[in-house]
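Residue indices begin at 1 and follow the sequence shown.
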Amino acid sequence: MAEIDSDAMPLAGVVLAGGESRRMGRDKATLPLPGGTATLVEHVVGVVGERCQPVFVVAAPGQPLPPLPVSILRDELRGLGPLPATARGLRAAAAAGARFAFVCAVDMPLLTVELIDDLVRRAVETNAEVVLPWDGRSHYLAAVYRTDLVDRVDALVSAGERKMSAFVDVCDAQRIVMSDSGPLSNINTEADLRVPAQPWR
């Protein structure tokens, strides 16, 4: 059997941008990065788009977003959590012909293409349903998911489940121990964006 080249593996990207951001007190997606060159959603979409095609942004109903060169999907209702949004993104990725999708939160300013590559490489090697980073905790919203899992997500959502952990617990999941957890950093305050020497685009 021929070895599959993970670098050539079609990989969709799903950026979840519709969270309520209670701790931030404002919408994270449109938070301007230092220097005013871009918003957080523009930056994260740019990083994801370097490795993933197509890219989908899942946003809340009526949520304002800057112009983005990707498809925008809207949650049916606000405040239902990341699981229904992940289902919407995986369904769109499957319809686009992608076997895997990288799913991440919008509040990851230090996300790197190298992290995405590491995860999809492990997904191809192991044929796992989910590959996610671990640095003392599981990062459900910085992980590679098989797109054929969407029916499983739908069943959980229909049963009233909203937690990503419940989904991953019923999957064949591989966790990768990360030596550098910097790219997994999430922001909860505007001060979190003030990291030294960050080359914002």
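Using a 4.5 Å cut-off on side-chain heavy atoms (C-beta onward), Pro66 and Thr30 make contact. With a 4.5 Å cut-off on side-chain heavy atoms, Val103 and Leu16 count as touching. Ile176 is not listed as a side-chain neighbour of Trp134, based on a closest heavy-atom distance of 4.5 Å or more. The shortest side-chain heavy-atom distance between Val58 and Val14 falls under the 4.5 Å cut-off. When side chains are defined from C-beta on, Val168 does not count as touching Glu129, because their heavy atoms never get closer than 4.5 Å. Contact of the Leu83 side chain with the Val153 side chain is registered, since non-hydrogen atoms from C-beta on lie closer than 4.5 Å. Within the 4.5 Å cutoff, side-chain heavy atoms of Leu149 are placed close to those of Cys171. Here the side chains of Pro61 and Arg74 are not in contact, with every heavy-atom distance at 4.5 Å or above.
Taking CG of Asn127 as the start and CZ of Arg122 as the end, the distance is 13.5 Å to the nearest 0.5 Å. To the nearest 0.5 Å, atoms CZ (Arg51) and CG (Leu115) are separated by 12.0 Å. Note: Phe167 CZ to Glu161 CD = 11.5 Å, rounded to the nearest 0.5 Å. For the atom pair Glu42 CD and Thr39 OG1, the distance stands at 3.5 Å (nearest 0.5 Å). Between atom CG of residue Leu31 and atom NE2 of residue His43 there is a gap of 12.0 Å, rounded to the nearest 0.5 Å. Considering CD1 of Ile116 and CG of Leu11, their distance stands at 7.5 Å, rounded to 0.5 Å.
Smallest separation of non-hydrogen atoms from Asp27 and Pro64: OD2-O, 4.0 Å. Residues Asp154 and Ala87 share a closest heavy-atom pair of OD1-CB, 3.7 Å. Across all their heavy atoms, Pro109 and Leu40 have their closest contact at CB-CD1, 3.9 Å. Here the shortest heavy-atom pairing between Ala96 and Phe56 reads CB-CZ, 4.3 Å. Residues Leu73 and Arg88 share a closest heavy-atom pair of CD1-O, 3.8 Å. Among all heavy-atom pairs drawn from Cys52 and Gly13, the shortest one is CB-N, 3.5 Å.
In the hydrophobic clustering of ILVMFWY residues, with side-chain heavy atoms under 4.5 Å counting as a link, Val45 and Leu141 come out apart. By the rule that hydrophobic residues join a cluster once side-chain heavy atoms approach within less than 4.5 Å of another member, Val15 and Leu90 end up as members of separate clusters. Cluster annotation: Val157 is connected to Val130 through the hydrophobic network of ILVMFWY side chains, with a link wherever side-chain heavy atoms come within less than 4.5 Å. Clustering ILVMFWY residues whenever any of their side-chain heavy atoms sit less than 4.5 angstrom apart, transitively, puts Leu132 in a cluster other than the one holding Leu110. The hydrophobic cluster containing Ile187 also contains Val48, counting ILVMFWY residues as joined when their side-chain heavy atoms lie under 4.5 angstrom apart, directly or transitively.
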Test log, rule side-chain contact (heavy atoms from CB on, under 4.5 Å), inputs Thr112 and Asp117: CA-CA 9 Å; Thr112 64; Asp117 279 335; over 6 Å; no

Is there a side-chain contact (heavy atoms from CB on, under 4.5 Å) between Leu111 and Cys104 once you walk through the steps? CA-CA 9 Å; Leu111 179 66; Cys104 71; 4.2 Å; yes

Steps toward ring pair (Phe, Tyr, Trp, His ring centres under 6.0 Å) verdict (Phe102, Tyr145): CA-CA 6 Å; Phe102 173 71; Tyr145 294 85; 9.1 Å; no

Could you go through the salt bridge (charged side-chain N to carboxylate O under 4.0 Å, His left out) check for Asp148 and Arg99 one step at a time? CA-CA 7 Å; Asp148 60 9; Arg99 181 182 174 199; over 6 Å; no

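No donor-acceptor pair closer than 3.5 Å links the side chain of Arg146 to the backbone N or O of Ala123. Side chain of Gln63 to main chain of Ala17: a donor-acceptor pair is present (N/O by atom type, distance under 3.5 Å, no hydrogens or angles). Between the side chain of Lys28 and the backbone N or O of Val106 there is no donor-acceptor pair closer than 3.5 Å.
A donor-acceptor contact under 3.5 angstrom links the side chains of Ser138 and Arg175, judged on distance only.
Residue pairs meeting the salt bridge (Lys or Arg N to Asp or Glu O under 4.0 Å) criterion with at least one partner in residues 132-141, sequence neighbours excluded, do not occur; the list is empty.
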